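In this text the structure is predicted, and so the values were computed from the model without any measurement.
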Amino acid sequence: MSLEEIFATRAGRLKASEIRELLKLLDQPDILSFAGGIPDPALFPAEAFATAFAEALTPAHQAQALQYSVSEGYLPLRRWLADHMGTLGVPCGADNILITSGSQQALDYLGKLFLSPGDTALVGWPTYLGALAAFNAYEPAYDRLDINTNRAPEDYRTAAEAAGGRVKMAYLSADFANPTGETVDEVGRERLLALAETLDCAVIEDAAYQALRYDGTPVPPILALEIARKGSIEACRTLYCGSFSKTLSPGLRVGWVVAPQAVIRQLVLMKQAADLHSSTINQIAIHRVAETLFDSHVASLRTTYRSRRDAMLAALARHMPEGVDWTRPEGGMFVWLTLPQGMDGAALLARSLDTVRVAFVPGRAFFADGSGANTLRLSFSCASEEMIEEGMARLGQLLRAG
């Protein structure tokens, strides 16, 4: 007997992440990689974390740091986050916050909470690959979230019923989205809230990159706009997912969810069933570093990443052939390229690795329906300006060669 024969049906929807596979290329020194959307490790506040961990392991604190903890998360960190969310226009308390093992775990929990098999999740076309991976296990249908069109709510409802369920959630990263780098303006966010009200569905706001704005005018979080409408977070349907992965450290795996207390209570039950709680010592360290230098460190990140973003946009303008278009993000870590119709990003990657030794992520994996073959994602976060110039020159040469 093969155990594969008795896997649950959801196992067939689980797929390897193309990005995780491409990260293995970073070990090859001659590869110019623009594939991994990861922060530059040279920018981690390593000394601050060394101090924080050392303090957490002193005799006065080590029992708490190394012990089991509450599922909701380390209370001083949740209080700091409540204050932080207040600066973003989201008044809330510690009881509105759950600490998760990165925002990826939050997406998994929210998929588990809302999606029954056959229910519909509205997502961007393209959208974050990790969100699709998280939601796939709960066997949903996907529909294209079109907030800048005149598509009627009834059309979403009819399509969801035909798929065997109802619309349960609308997921998006509204600021500098992975993979496109695009931002939804305030009008679009208000339109999304109106759509969600009509469809009576949840809004999942993935704010992983929100702090990394380099220019332009900040847009209030969707949750802030909804609280302004309704007066209290307890009346809201928007669930905010935040993360320290892009600002302080991805390796410590500390994220958070902000939601009405009724939702947090359900998520806590999931946390208890899954891993009891996120690492206590990691939460303590994150709290100590965040309260000490979060704002100044993020300001430094913005300066560095802004220069790399600018270098990539300038290099693309110099080296890309006619017929190639790209986004111009105001923040984040990504630029999204659209190739001429008929070109295939996956085939281009194979040729690129074989000839010019440049890595990127083909775009098809970011589309729930497998479309978008003529697209690709570039990340500038871990690349020097010299590397960006050389990489875009090589990629442009490859594209010109056909």
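- When the salt bridge (charged side-chain N to carboxylate O under 4.0 Å, His left out) test is applied to Lys168, the partners found at least two apart in sequence or on another chain are Asp119.
- Partners of Glu205 under the salt bridge (charged side-chain N to carboxylate O under 4.0 Å, His left out) rule, at least two apart in sequence or in another chain, do not exist in this structure.
- Between Arg237 and Asp200 there is a salt bridge, with a side-chain nitrogen of the basic residue lying less than 4.0 Å from a carboxylate oxygen of the acidic one.
- Applying the side-chain hydrogen bond (donor to acceptor under 3.5 Å, both in side chains) criterion to Asn150, with sequence neighbours excluded, gives no partner residue.
- Checking side-chain atoms of Arg357 against main-chain N and O of Leu353 turns up a donor-acceptor pair under 3.5 Å.
- In this structure Ala163 satisfies the side-chain contact (heavy atoms from CB on, under 4.5 Å) test together with Thr120, Ala141, sequence neighbours excluded.
- Counting only residues at least two apart or in different chains, salt bridge (Lys or Arg N to Asp or Glu O under 4.0 Å) contacts with residues 323-337 comprise Arg213-Glu330.
- Ion pair Arg189/Asp175 flagged as a salt bridge, since at least one NZ, NE, NH1 or NH2 atom sits closer than 4.0 Å to an Asp/Glu carboxylate oxygen.
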N/O donor-acceptor pairs under 3.5 Å from side chains in residues 43-51, not counting sequence neighbours:
from, atom 1, to, atom 2, distance (Å)
Thr51, OG1, Glu47, O, 3.2

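- With sequence neighbours left out, the salt bridge (charged side-chain N to carboxylate O under 4.0 Å, His left out) criterion links Asp275 to Lys271.
- A side-chain donor-acceptor contact under 3.5 Å links Asp108 and Tyr138.
- Classified by interplanar angle (parallel below 30°, tilted 30° to 60°, perpendicular above 60°), the ring pair Phe294/His84 is perpendicular.
- Judged as a ring pair (Phe, Tyr, Trp, His ring centres under 6.0 Å), the pairs with a partner in residues 183-231 (not counting sequence neighbours) are, in order, Tyr209-Phe334.
- Aromatic ring centres of Trp125 and Phe366: separated by at least 6.0 Å.
- For Asp215, the salt bridge (charged side-chain N to carboxylate O under 4.0 Å, His left out) test picks out Arg309, with sequence neighbours left out.
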For Lys230 and Glu197, run salt bridge (Lys or Arg N to Asp or Glu O under 4.0 Å): C-alpha distance rounded to whole Å, both residues' side-chain angles, the deciding distance at 0.1 Å, then the answer.
CA-CA 12 Å; Lys230 296 181 176 177; Glu197 288 288 338; 2.3 Å; yes

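- Screening residues 91-118 for ring pair (Phe, Tyr, Trp, His ring centres under 6.0 Å) gives no qualifying pairs among residues at least two apart or on separate chains.
- Residue pairs that meet the ring pair (Phe, Tyr, Trp, His ring centres under 6.0 Å) test with at least one member in residues 377-402, sequence neighbours left out, do not exist here.
- Checked by atom type, the side-chain pair Glu72/His277 shows no donor-acceptor distance below 3.5 Å.
- Applying the ring pair (Phe, Tyr, Trp, His ring centres under 6.0 Å) test to pairs two or more places apart or on separate chains, those with a residue in residues 158-207 are Phe135-Tyr171.
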